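First up is the structure itself, then whatever we jot down about it.
Side-chain atoms are counted along with the backbone in the values below, which use heavy atoms only and exclude waters and symmetry mates. Because the structure is a prediction, the values reported are computed rather than measured. Residue numbers start from 1 in every chain, and the chains themselves are labelled A, B, ... in the order their sequence lines are given, proteins ahead of strands.
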There are 2 protein chains.
Amino acid sequence: MNSQAAVSVKRIADSTVRRLSAYLRFLEDFEGRGLMTISSEELAKRGGTTSAQVRKDLSFFGSFGKRGLGYSVPELAGRLREILGLGREWKIVIVGAGKIGAALAQYRGFRQRGFSILAAYDNNPEKIGRKLEDIPVRDIDQLERDIEREKPDIAVLTVPAEEAQSVVNRVVSVGVKAILNFAPTQLHAPADVTVKTVNMAMELEGLSFALTNRE
Amino acid sequence: MNSQAAVSVKRIADSTVRRLSAYLRFLEDFEGRGLMTISSEELAKRGGTTSAQVRKDLSFFGSFGKRGLGYSVPELAGRLREILGLGREWKIVIVGAGKIGAALAQYRGFRQRGFSILAAYDNNPEKIGRKLEDIPVRDIDQLERDIEREKPDIAVLTVPAEEAQSVVNRVVSVGVKAILNFAPTQLHAPADVTVKTVNMAMELEGLSFALTNRE
DNA sequence: ACATGTGAACTGCTTCACAGCG
DNA sequence: CGCTGTGAAGCAGTTCACATGT
């Protein structure tokens, strides 16, 4: 009934997208083992959720299963890649070539999923001109010029908290619409810019809370 | 009316705890600037939420404000530290001394909030016996023995995805009740063990989805 | 017979709106 | 009067349960 792949008729919840991402990982695992079909129940068990949740998540995008049978592993994997926008290559710049920036630059998970790192930026003259693995470290003064020319899709922020908002303003001013923030600070950006923050301090405090408040 | 500090009468939502953590950060910022009181409205603006949300979040734990005035910055900061369990020192072990493990070992945010890293563990003989900054890298074979002796509160996992579940099983078997997982995989643990996962691949896919599905 | 797809019921987080109190 | 604290209302995400299709 619904032939288009990624129709967001309704607004899709963040939690749903995260689960789709998890399902895709399991499917790739199953694909590697040569399994051809999988049920919502099996997918649910792996992902720590329920079969109804799996079916509901998928139903926002179409009807990919066969009643009485389950889902075709390769087909569903393909559909999920389409839905998640993993069919194309996304270009990334890393802003901040400190410890975390360097670790990310060398993280192989990026490439594996079609994320290609163009460059890292820093203001430290010691680092500018060097390479992280095979990624050039450039002067942060070039940031806007380079972005306008190379049009990266995503900016990854690994600068100190105090500088993060100013970097957001700079990359947004030259058209970046997606930001992955590792600085432990709340960022403000226009509504058409998606910001995801990974905040280790916050996660640790969540663990501290959990350890403290259980009877 | 409610004299105890951290009474979880109701189950506190994860989202609430994350916001409390954010409020504390802002309060520390205000404290540094010598400001003495703050309203729920100001706290909300900074945190990208609403004043009602701030008041509701705090109301789960008591009545810390003064009507017509707002909150005392130092008092509220103290209360939040108490609620989040930041009054004491938490002991951490890092399992996996790869790029990310090394970056975390050197991350100053841990110490600042009272998280003290005891050691890192790896199975690579090249790394065992060395130090990351001033944190010893030990043989992962010692993991259980050391945990039983040193009783760390939190295990941070920076091992490959394939090994993550087995490390969970090992640390849980010797009493660890809180895990911060950086491996891109779904982990299963007993109900009394809190697991938080930081999954960069998932965040990136969330950005990919957002970039793909907007009209 | 079996597993999907989906309206309906439910649960729980967020927002509203105002009473309460400094 | 101003801002907190909080029941009540509203809304969104999850779970239920069953009709549907193979």
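- The side chain of A/R19 lies closest to D/dT14, out of D/dG2, C/dT14, D/dT14.
- You'll find that the side chain of B/R67 is closest to C/dG22, out of C/dG22, C/dG5, D/dG7.
- For B/K56, the listed nucleotide lying nearest its side chain is C/dT15; candidates were D/dG5, C/dT15, D/dT15.
- An OP1 or OP2 oxygen of D/dT14 is reached within less than 4.0 angstrom by a side-chain nitrogen or oxygen of A/S15.
- Between A/Q53 and the phosphate of D/dT15, there is a side-chain N or O to OP1/OP2 separation shorter than 4.0 Å.
- Closest-nucleotide positions on DNA chain D for B/E41 and A/K66 were compared, and the one nearer the 5' end corresponds to B/E41.
- If you take CG of A/D14 and P of C/dC13, they are 17 Å apart, rounded to a whole angstrom.
- The distance between atom CG of B/D57 and atom P of C/dG12, rounded to the nearest whole Å, is 17 Å.
- Shown here for B/I140 and B/R170, the closest heavy-atom pair between the two residues is O-NH2, 2.9 Å.
- The minimum heavy-atom distance linking A/N199 with A/T185 is given by the pair ND2-N, 4.3 Å.
- Side-chain nitrogen and oxygen atoms of A/R55 include at least one within less than 4.0 Å of the OP1 or OP2 phosphate oxygen of C/dT4.
- DNA chain D is contacted by both A/A52 and B/G70; B/G70 maps to the nucleotide lying nearer its 5′ end (nearest heavy atom per residue).
- At the phosphate of D/dT14, neither OP1 nor OP2 sits under 4.0 Å from any side-chain N or O atom of A/T50.
- One interatomic measurement links the two molecules: CG of B/L76 to C1' of D/dT4, which rounds to 12 Å at whole-angstrom precision.
- Annotation: cation-pi geometry not satisfied between B/R214 and B/F209 (NZ/CZ under 6.0 angstrom from ring centroid, within 45° of ring axis).
- The side chain of B/Y71 contributes no N or O atom lying less than 4.0 Å from OP1 or OP2 of C/dG22.
- The CZ-P distance, from A/R79 to C/dG5, rounds to 11 Å in whole Å.
- Rounded to whole angstrom, the span from the CZ atom of B/F64 across to the P atom of D/dG5 amounts to 9 Å.
- For A/R113 and A/F115, the positive end is not near the middle of the six-membered ring at less than 6.0 Å and at most 45° from its axis.
- Taking 4.0 angstrom as the limit, A/S40 places a side-chain polar atom (N or O) nearer than this to OP1 or OP2 of C/dT4.
- Across all their heavy atoms, A/Q186 and B/F26 have their closest contact at CB-CZ, 4.0 Å.
- Taking atom CG of A/L69 as the reference point, atom C1' of D/dG21 lies 12 Å away to the nearest angstrom.
- If you measure from atom CZ of B/R11 to atom C1' of C/dC13, you get 14 Å, rounded to the nearest angstrom.
- Atoms CZ (A/F61) and P (C/dT4) sit 18 Å apart, rounded to a whole Å.
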